[in-house]
Amino acid sequence: MQVQHDQTSPSDWVCRFAGLIAPGGAVLDLACGRGRHARYLAGLGYRVEAVDRDKACLDALAGATGISSRCADLEASAWPYDPGCFDAVLVTNYLYRPLMADLLAALRPGGVLIYETFALGNEKLGRPSNPEFLLRPQELLHWVEGRLQVLAFEQGRVERPKPAVIQRICAIQGGTEGCRLDRSC
């Protein structure tokens, strides 16, 4: 489930950890919407595969340098990517639990998972309110446990541009040698 959000500015969470992605690396931006993160990452020199089921949203990315788009409803069709084909997987404001194993498998060694979406408690503040689209406490941590090394994890209420309850994680496939955590927007 994707919800309305700022369509132009990248998430602070994404900006904070984008520098961990291998230079010139391949990035999957799942449920990309109008492509605010795809544009940002392509601007940093990454090769971005922007995926969304809404063709009208993807049309906004037509001709953008460094971005290839794929119109696909991955909730209703087979996972189209081979294991280990991305240096980073990015997901914001979207949750479909059956895809998580595929998302993690899509990371190359040293690949970075950057994930940020809504969590339980958000139903008291607005949409989404269906528990199917809200992470349970520490759910992202449980997904990566034993598979990725967690660099950062947060959960709780934020005031971005309107109040929301979120959960977010940055985790890496393998060790953290050489990681630089000082890069931001």
Side-chain angles (χ1 to χ4, degrees), residues 1-21 27-44 46 48-54 56-58 60-61 67 69 72-75 88-104 106-107 112-145 148 150-172 181-185:
M1 160 127 206
Q2 200 154 8
V3 298
Q4 294 298 316
H5 48 56
D6 178 1
Q7 296 293 318
T8 58
S9 300
S11 155
D12 290 342
W13 190 254
V14 172
C15 292
R16 180 176 170 191
F17 295 107
L20 297 176
I21 303 167
V27 178
L28 174 62
D29 183 357
L30 182 68
C32 68
R34 294 199 166 282
R36 66 186 175 132
H37 294 113
R39 282 189 187 86
Y40 171 70
L41 293 169
L44 294 176
Y46 299 114
V48 181
E49 170 91 353
V51 179
D52 204 284
R53 67 180 177 189
D54 187 339
C57 283
L58 292 173
L61 294 171
I67 301 172
S69 63
D73 183 352
L74 297 180
E75 294 178 21
V89 171
L90 168 68
V91 185
T92 61
N93 299 334
Y94 176 79
L95 176 62
Y96 184 64
R97 289 175 176 93
L99 290 179
M100 197 59 192
D102 292 319
L103 292 172
L104 297 180
L107 288 171
V112 180
L113 173 69
I114 303 171
Y115 204 119
E116 176 181 33
T117 197
F118 299 95
L120 284 174
N122 196 72
E123 70 278 4
K124 296 172 185 162
L125 301 173
R127 294 183 52 205
S129 58
N130 181 337
E132 186 176 331
F133 305 120
L134 300 173
L135 290 164
R136 294 179 288 273
Q138 299 186 338
E139 187 170 354
L140 289 175
L141 284 174
H142 295 297
W143 282 348
V144 304
E145 187 175 28
L148 304 179
V150 175
L151 301 177
F153 173 79
E154 295 178 358
Q155 64 183 1
R157 184 180 167 129
V158 295
E159 302 299 323
R160 58 169 209 171
K162 60 182 186 177
V165 177
I166 62 162
Q167 196 172 124
R168 50 194 174 197
I169 197 165
C170 177
I172 191 166
L181 299 177
D182 60 345
R183 192 157 175 186
S184 62
C185 289

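A heavy-atom distance below 4.5 Å is not found between the side chains of Val150 and Leu140. Under the 4.5 Å side-chain criterion, counting only non-hydrogen atoms from C-beta, Met100 is in contact with Leu113. Considering only heavy atoms from C-beta on, Leu148 comes within 4.5 Å of Leu107 through its side chain. Two residues are said to be in side-chain contact when any heavy atoms from C-beta on lie closer than 4.5 Å; Leu95 and Leu134 fail this criterion. Side-chain contact between Glu75 and Arg53: present, with at least one pair of heavy atoms (C-beta onward) separated by less than 4.5 Å. Here the side chains of Val27 and Ile21 are in contact, with some heavy-atom distance below 4.5 Å. Residues Val158 and Glu116 are not in side-chain contact: their nearest non-hydrogen atoms beyond the backbone lie 4.5 Å or more apart. Counting heavy atoms from C-beta outward, Asp52 and Ser69 have side chains that stay 4.5 Å or more apart.
Checked options Leu61, Val48, Val51; the residue passing with Cys32 is Leu61 (criterion: side-chain contact (heavy atoms from CB on, under 4.5 Å)).
The minimum heavy-atom distance between Val112 and Cys170, with the atom names listed, is CG1-SG, 3.8 Å. Residues Ala18 and Ile114 approach most closely at N-CD1, 4.3 Å, considering heavy atoms. The shortest non-hydrogen separation linking Ala42 to Ile67 is CB-CG1, 3.6 Å. Considering every non-hydrogen atom in both Arg39 and Ala60, the closest pair reads NH2-O, 2.7 Å. Across all their heavy atoms, Ala106 and Val89 have their closest contact at CB-CG2, 4.3 Å. Contact between Ala152 and Trp13 at its shortest, heavy atoms only, is CB-CH2, 3.6 Å.
Note: Phe17 CZ to Ile172 CD1 = 11.0 Å, rounded to the nearest 0.5 Å. Rounding to the nearest 0.5 angstrom, the gap separating the CZ atom in Arg127 from the CZ atom in Phe133 is 10.0 Å. Considering CD of Glu49 and CG of Leu41, their distance stands at 13.5 Å, rounded to 0.5 Å. Between Arg168 atom CZ and Asp12 atom CG the span is 7.5 Å, to the nearest 0.5 Å.
For the pair Tyr115 (side chain) and Tyr94 (backbone), a donor-acceptor distance under 3.5 Å is present. In terms of modelled atom types and a separation under 3.5 Å, the side chain of Glu123 and the main chain of Pro131 share no donor-acceptor contact. The closest donor-acceptor contact from the side chain of Gln167 to the backbone of Glu139 lies under 3.5 Å. In this structure a side-chain-to-backbone donor-acceptor pair under 3.5 Å is present from Arg97 to Glu132. Proximity of a side-chain donor or acceptor of Tyr96 to a complementary backbone N or O of Leu74 within less than 3.5 Å is not detected. Judged by distance alone, the side chain of Arg36 and the main-chain N or O of Pro10 form no donor-acceptor pair under 3.5 Å. With hydrogens and angles disregarded, no donor-acceptor distance shorter than 3.5 Å links the side chain of Glu145 to the backbone of Trp143.
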Could you give me the CA-CA distance, side-chain angles and deciding distance for Asn122 and Ile166, then say whether side-chain contact (heavy atoms from CB on, under 4.5 Å) is met?
CA-CA 7 Å; Asn122 196 72; Ile166 62 162; 5.8 Å; no

Test side-chain contact (heavy atoms from CB on, under 4.5 Å) applied to Val91 and Leu99, step by step:
CA-CA 11 Å; Val91 185; Leu99 290 179; over 6 Å; no

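Scanning for side chain to side chain contact (heavy atoms under 4.5 Å, CB included) contacts around Glu159 gives Arg157, Pro163, with sequence neighbours left out.
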